[in-house]
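So the structure is just underneath, and the comments pick up after that.
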Amino acid sequence: MQYQKILADIAAEIEPLRNVGRQADYIPALAQVDPDRFGICIATADGEFYGLGDIDECFSIQSVSKVFSLSMALSIMGENLWERVGKEPSGAAFNSLIQLELDHGIPRNPFINAGAIVVADILMSQLENPETDFLAFVRHIAGDSSIIYNRTVAASEREKGYINAAIANMLKYYGNLRNDIEDVLRFYFLQCSVEMSCRQLARAFLPFADRRSTFSFDGVNLTPSQVKRINAVMQTCGFYNDAGEYSYLVGLPGKSGVGGGIGAVYPGRYAVATWSPRLNEKGNSVMGMKALELLTTYTRESIF
Ligand code: GLU
């Protein structure tokens, strides 16, 4: 497959979208990012690598981090994880309080904020040093020890994180948060603040394209069966209340974040990462989603 040529064609075709959409500014630090950026990288299971655009610039991965926290929690808790968080698409905004109340404090899935806050709580209870252990896992899965938390972004989000604080309080009320509310929020915001480039993100998603081997690191073992399930949750829940549209257009398990990043996989073949900060009204990168739609259209490689 002529991936590099296809990426060049895609970049040319999506150029008119460069100024479409708005970057997230509800986290003040994210409003500082130049919104007119675009990068795309493919890392294949055979060790090939293709990239184009701003692929080495680090951005805030935000909710893409929820794939890594879910991986750790599923590996540690096994199926018991699902007693505290569901695995159904939410069909509601990623920070919906109403839905959490209707569901009596059991979040719909681990990729909406409420679900990821419960997962953060579980990791805090299970890991000896949650902050260090989470970052070590991300560094290992990406094969890059230079990856860091951006504590300025985390602090900026905490300062204005009223809705997430409300979610955490509601979880506590319903008995689905074991640790101190403030400590869980701090850890959750820190996870979201991890910075990665497209190149690093594509590599970090490669284990999710692997259908055969168990991924192991320091007590976290992701079996092929668990990888299959994480991909299923990505497919059904990875794009907030745009998950159906994303499935329809793209057809690759993936996860987006309000920093404008997307990580996705074509199982058995490759992982792909895109970054472009301008978002559609559901919170997904405009150029990123279009690029992935064109990728699966031109390659005819999708899970459907
Ligand atoms: N840290 C962000 C929040 O909690 C993550 C949201 C996202 O990327 O979807 O609002």
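Both ligands and their constituent atoms are indexed starting at 1 by order of listing.
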Discussion item. If you measure every N or O of I27 against every N or O of ligand 1, does any of those distances drop under 3.5 Å?
Written reply: no
Worksheet item: Which of the numbered atoms in ligand 1 are below 4.0 angstrom from a heavy atom of N164?
Response: 3 (C), 4 (O), 10 (O)
Worksheet item: Counting N and O atoms only, with roles assigned by atom type, does the side chain of K290 sit under 3.5 Å from a partner on the main chain of S285, one being a donor and the other an acceptor?
Response: no
Discussion item. Please report whether ligand 1 has a polar contact with Y26, defined as an N or O pair separated by less than 3.5 Å (distance criterion only).
Written reply: yes
Worksheet item: Does the ring of Y240 carry K255 above it, NZ/CZ under 6.0 angstrom from centre and within 45° of its axis?
Response: yes
Practice prompt. Could you check atom 4 (O) of ligand 1 against the protein and tell me its nearest heavy-atom contact, residue, atom and distance included?
Written response: Y188 OH, 2.7 Å
Discussion item. Looking at ligand 1, is there an atom of it that comes within less than 4.0 Å of some heavy atom belonging to F189?
Written reply: no
Item to complete: Pull out every atom of ligand 1 sitting under 4.0 Å from any heavy atom of G257, numbered as shown with elements.
Response: 8 (O)
Item to complete: Name the option, out of G260, S63, G283, that contains the heavy atom nearest to atom 7 (C) of ligand 1.
Response: S63
Practice prompt. Quick one: which residue pairs count as a ring-ring contact (aromatic ring centres under 6.0 Å, His included) with a foot in residues 3-24, not counting sequence neighbours?
Written response: Y3-Y50, Y3-Y270
Discussion item. Quick one, R139 with F217, criterion side chain to side chain contact (heavy atoms under 4.5 Å, CB included). Give me CA distance, side-chain angles, the key distance, then yes/no.
Written reply: CA-CA 11 Å; R139 286 175 169 176; F217 171 67; over 6 Å; no
Worksheet item: Does a donor on one side chain and an acceptor on the other come within less than 3.5 Å for N113 and Y188?
Response: yes
Discussion item. When you compare the side chain of Q200 with that of S146, does any pair of heavy atoms fall below 4.5 Å?
Written reply: yes
Worksheet, complete the sentence: Closest to atom 1 (N) of ligand 1 among protein heavy atoms sits Q62 OE1, 2.5 Å
Response to the item:
Near Y240 (heavy-atom distance under 4.0 Å), the atoms of ligand 1 are 7 (C), 8 (O), 9 (O)
Practice prompt. Please say whether E157 places an N or O atom under 3.5 Å from an N or O atom belonging to ligand 1.
Written response: yes
Worksheet entry | side chain to side chain contact (heavy atoms under 4.5 Å, CB included) between S256 and Y246, worked out | CA-CA 10 Å; S256 67; Y246 169 80; over 6 Å; no
Worksheet item: Hey, is N113 one of the residues with a heavy atom under 4.0 angstrom from ligand 1?
Response: yes
Worksheet item: Under 4.0 Å from any heavy atom of C192, which atoms of ligand 1 are there?
Response: 1 (N)
Discussion item. Give me each pair satisfying ring-ring contact (aromatic ring centres under 6.0 Å, His included) with a member in residues 52-71, each pair once, sequence neighbours excluded.
Written reply: F59-W275, F68-F205
